[in-house]
Every structure is written in C-alpha cells, then in structure tokens.
There are 2 protein chains.
Amino acid sequence: MKEQIKNIHQVISSFIEISNEEWVNYSSMFKTKEIKKKEIILQEGNICKDVFFINKGVLRFYFVDNNGEEKTFHFAIENTFATDYKSFLKQIPSNYSIQALEDTQVVTMSLDMLLSGYEILKNGEKLGRLLAEEYFFMFNDKIQAIYTQTPLDRYNNLTTNFPEIFQRVPQHLIASYLTISSVHLSRLKNAH
Amino acid sequence: MKEQIKNIHQVISSFIEISNEEWVNYSSMFKTKEIKKKEIILQEGNICKDVFFINKGVLRFYFVDNNGEEKTFHFAIENTFATDYKSFLKQIPSNYSIQALEDTQVVTMSLDMLLSGYEILKNGEKLGRLLAEEYFFMFNDKIQAIYTQTPLDRYNNLTTNFPEIFQRVPQHLIASYLTISSVHLSRLKNAH
DNA sequence: TTTAGACGATAACAAATGTTATCACTTTTA
DNA sequence: TAAAAGTGATAACATTTGTTATCGTCTAAA
C-alpha cells in the first residue's frame with residue numbers, strides 16, 4: 001500500500017470493516033496534496049470540495065467576524081480529518097477558512113468519493129454516519145468547554161491534553177481559540 | 001395513525017424514504033411520555049436512554065459548572081429531537097441535564113429501537129447518518145455564533161429568528177444561554 | 001385568599017478583559 | 001545579510017461584565 005494512505009486506512013478501518021478488495025478499489029480514488037505554510041486550502045465563501053486527512057502538519061480553522069477579525073476555533077493535526085463538513089455535505093458556501101500553519105501533507109476525499117462509498121462499500125452508510133457522529137462529538141465537547149470552563153481552565157486543559165500545540169502554534173492564535181485577547185492570555189499565563 | 005406519532009412520521013419521512021409497511025411495524029415501538037413542568041427527564045451523570053421527539057412543550061438543556069451554576073445552552077421546542085446524543089450513542093454518563101419548562105409531551109425512541117432501525121429499515125443507516133449530521137449542523141452553527149457574535153448580536157438574532165422564545169422562557173435562562181449574567185442582559189436590552 | 005417565591009429592572013461597586021503602545025527578541029524574506 | 005515582519009511580555013488606561021443588594025410586580029402554592 002502506498003505510504004501516503006496507510007494512516008487513513010488505519011483510521012477508516014477503526015470505523016468500519018472494509019475488505020482488502022474494497023480498500024484497493026476505493027483507495028485508488030484518493031489524491032494527495034502538499035500544502036505550503038500559510039496557504040489557505042479552504043477560503044470562506046467557497047464551497048468545500050474535499051475532506052482532508054492530515055498525514056503531516058497542522059491546520060487552523062477560523063471565522064472572520066463583523067469587525068474583520070480572525071477567530072480561530074479549531075486546530076487539526078496528524079491523523080485527523082479537516083473539512084467544513086457542513087459546506088461539504090450541503091455544497092453551500094463555507095463560513096470559515098482553513099489555513100496551514102506548517103508545510104502539510106493531506107489525503108483528499110471528494111464528495112463524489114464519499115457518496116460513491118455510500119453505494120459501493122458494504123458499510124459505506126455506516127462510515128458516513130460514524131464520521132458525522134465523530135464531528136458531532138467534537139463540537140459537543142467544545143460547547144461544553146465553552147459553557148462550563150473559564151478561559152484559564154481551558155488553557156490548563158490544553159497544557160495537559162495537548163502540550164505540543166504550544167510548540168507548533170503561535171500564542172495569539174491560541175488566545176483566539178480560547179476566545180480571549182493575546183494580552184489577556186499572556187497575563188493569565190504569567191500571573192502567580 | 002395515532003395522533004401522537006404524526007409529527008415524528010413527517011420529520012422522519014423528510015429524512016428518508018420509509019414505506020407504510022415499514023412505518024407501521026417500526027412505529028409500534030414508539031412510546032409517548034407526559035412530562036410535568038420543572039421535571040427533569042435526563043439527569044447529568046445518568047446514561048441517556050432515549051431520544052425524545054417533542055410534540056408539545058419546551059425543554060432546556062443545561063450543564064452545571066465547577067461553581068455549581070447551571071449553564072443553559074439549548075432550548076428544544078415542538079417537532080425537534082431532544083437527547084444527549086453522545087451519552088445515548090456511547091451509553092456513557094451524560095454531562096448535562098434536560099428539564100421541561102412547560103408541561104411537555106414527547107415520543108420516545110430507545111437505543112434498541114434506533115439500532116434495530118439500522119437493521120430492519122431499508123434506509124436505517126442513512127437515517128442514523130442524517131440524524132447525526134443534523135445534530136452536527138446545529139452545534140456547528142452554535143460555535144460559529146459564539147466565536148463571531150457578541151452576546152447582543154446573538155440576543156438580536158433570537159429576537160428575529162425565534163421571538164416566541166421570550167414568551168416561553170424566563171429571561172435569566174436566556175441570559176445563561178447567551179453566556180452573560182441576567183443583570184447584564186437586562187442592561188443590554190434597556191440601553192438606548 | 002394569603003404568602004412565599006420567582007421575575008426583571010436598576011444602582012453601586014468590584015473584577016475581568018480589551019485596547020493601544022512600547023520594547024526586546026526571533027524568524028522570515030528580499 | 002540586512003530589512004521587514006512576526007512574536008510575546010508588559011504597562012497604562014478604558015470598557016465590559018459580573019456581583020450583590022434592593023424594590024416592585026407577578027405567579028404559584030398552601
């Protein structure tokens with residue numbers, strides 16, 4: 001199997017049973033893509049054409065608010081999916097953008113490919129269901145964090161659950177992610 | 001068809017094709033439940049046993065934070081589903097509670113019923129997928145609102161998109177929903 | 001029908017958070 | 001390799017938002 005699709009094979013196999021024959025046939029439709037640091041792979045207003053699976057790198061997801069300010073709400077790293085799943089499934093313009101924070105390698109899956117998976121894979125619909133459920137769980141947890149935790153709580157959780165993020169993402173983007181200003185985050189960090 | 005399952009039939013039919021025969025068989029598993037105002041139908045810490053479909057009434061969803069304060073994050077009304085879908089699907093303890101704000105009538109669907117739907121309905125998996133997608137879209141929009149709008153923006157949106165909510169839900173719960181204090185909401189409303 | 005509680009407005013004050021600017025340092029780019 | 005841009009800390013100040021308390025009205029329960 002090509003090196004580039006080993007990781008996504010492992011992840012999809014953790015969701016559904018898929019035979020070797022199905023995989024060989026299905027995975028021939030994957031494409032890989034190299035993304036340069038700072039490159040935007042989904043621009044707000046455009047229809048999201050692909051689900052990206054990250055082999056290497058970091059992506060950030062951000063809204064632009066009424067004042068033109070970028071609000072980063074998600075970071076995606078190796079072995080996770082990245083997409084505007086709503087824009088992708090409904091084929092409507094995206095409300096946010098996705099940008100590479102490092103040189104990044106992704107495997108792309110088009111909507112045609114997902115939809116044909118519903119048909120040709122024995123467990124294609126189930127794969128679609130589980131993908132949607134995973135996305136839902138992620139956003140569910142994010143909402144819980146926003147409603148029940150202070151920005152400092154959320155910062156501390158990042159520190160314990162995801163320490164490497166601080167080496168890979170500049171602090172002002174983390175502040176945005178925590179919905180506070182960069183000055184305020186700096187204060188919280190350095191308060192004794 | 002029994003009066004109580006007319007609405008849910010309409011909603012499910014909008015998601016998938018389901019034959020009369022399938023529906024008669026499948027819908028026999030629904031139960032209805034009358035909930036008194038203030039009654040809690042899902043208690044944080046318990047496993048969510050059912051998806052509720054609301055025929056009449058209003059439910060509120062709320063977390064309890066570290067200070068013991070209730071944080072209302074969602075209201076569900078007629079013809080929508082109500083559940084902790086994560087707790088329900090994974091059969092893990094719920095992180096939030098659901099309480100009736102009015103006398104409410106719901107149709108209940110157990111996990112067994114959903115899972116057997118995956119098997120016996122021609123489009124059962126698809127129904128599961130679309131339900132998960134709908135939940136995802138809802139939370140997706142909520143996160144967008146939190147990151148891009150001020151509490152006042154969100155209050156104004158409620159006013160235009162969902163004006164009847166103010167007749168049915170006390171203002172301090174709306175303030176919680178907007179992630180601000182009730183005093184502050186009162187100030188925003190009455191500022192000139 | 002009375003009474004306790006719930007509700008929403010408001011004031012006074014305290015705390016949290018944002019804004020702007022400056023500085024030192026590092027990284028990227030021409 | 002020099003210049004430009006990015007990064008993070010910090011100070012001073014302004015603004016937003018929360019907290020507590022009071023009050024009048026309304027609602028629900030004994």
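Chain identifiers are assigned alphabetically (A, B, ...) following the order of the sequence lines, protein sequences preceding nucleic acid strands; residue numbering begins at 1 within each chain. This one's a predicted model, so the numbers in the text were calculated from it and none came from an experiment.
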Exercise. Which nucleotide of DNA chain C is the first, and which the last, in the 5' to 3' direction, to come under 4.0 Å of a heavy atom belonging to chain A?
Worked result: C:dT17 to C:dT28
Exercise. Is it true that B:Arg60 and B:Glu70 make a salt bridge, defined as a side-chain N closer than 4.0 Å to a carboxylate O?
Worked result: yes
Problem set entry | Under-4.0 Å salt bridge between B:Arg168 and B:Glu164 | no
Exercise. Roughly how many Å is it from CG in B:Asp65 to P in D:dG18, rounded to a whole number?
Worked result: 13 Å
For this session: Examine the side chains of A:Asn157 and A:Gln149 and answer whether a donor and an acceptor come within less than 3.5 Å of each other.
Result: yes
Exercise. Can you tell me if B:Thr148 and A:Asp65 form a side-chain donor-acceptor pair at under 3.5 Å?
Worked result: no
Exercise. Do the rings of A:Phe139 and B:Phe136 sit parallel, tilted or perpendicular, given the 30° and 60° boundaries?
Worked result: tilted
Problem set entry | Results of side chain to side chain contact (heavy atoms under 4.5 Å, CB included) for B:Asn46 - residues two or more places apart only | B:Gln43
Problem set entry | Partners meeting side chain to side chain contact (heavy atoms under 4.5 Å, CB included) with B:Ile120 (sequence neighbours left out) | B:Asn25, B:Tyr26, B:Met29, B:Ser116
Problem set entry | Within residues 173-186 of chain A, residues whose heavy atoms come under 4.0 Å of DNA chain D | A:Val183, A:Ser186
Problem set entry | Within residues 150-172 of chain A, residues whose heavy atoms come under 4.0 Å of DNA chain D | A:Pro170, A:Gln171, A:His172
Exercise. Taking five pairs at each end, how big is the angle between the two axes of the helix from C:dT1-D:dA30 to C:dA30-D:dT1, to 10°?
Worked result: 50°
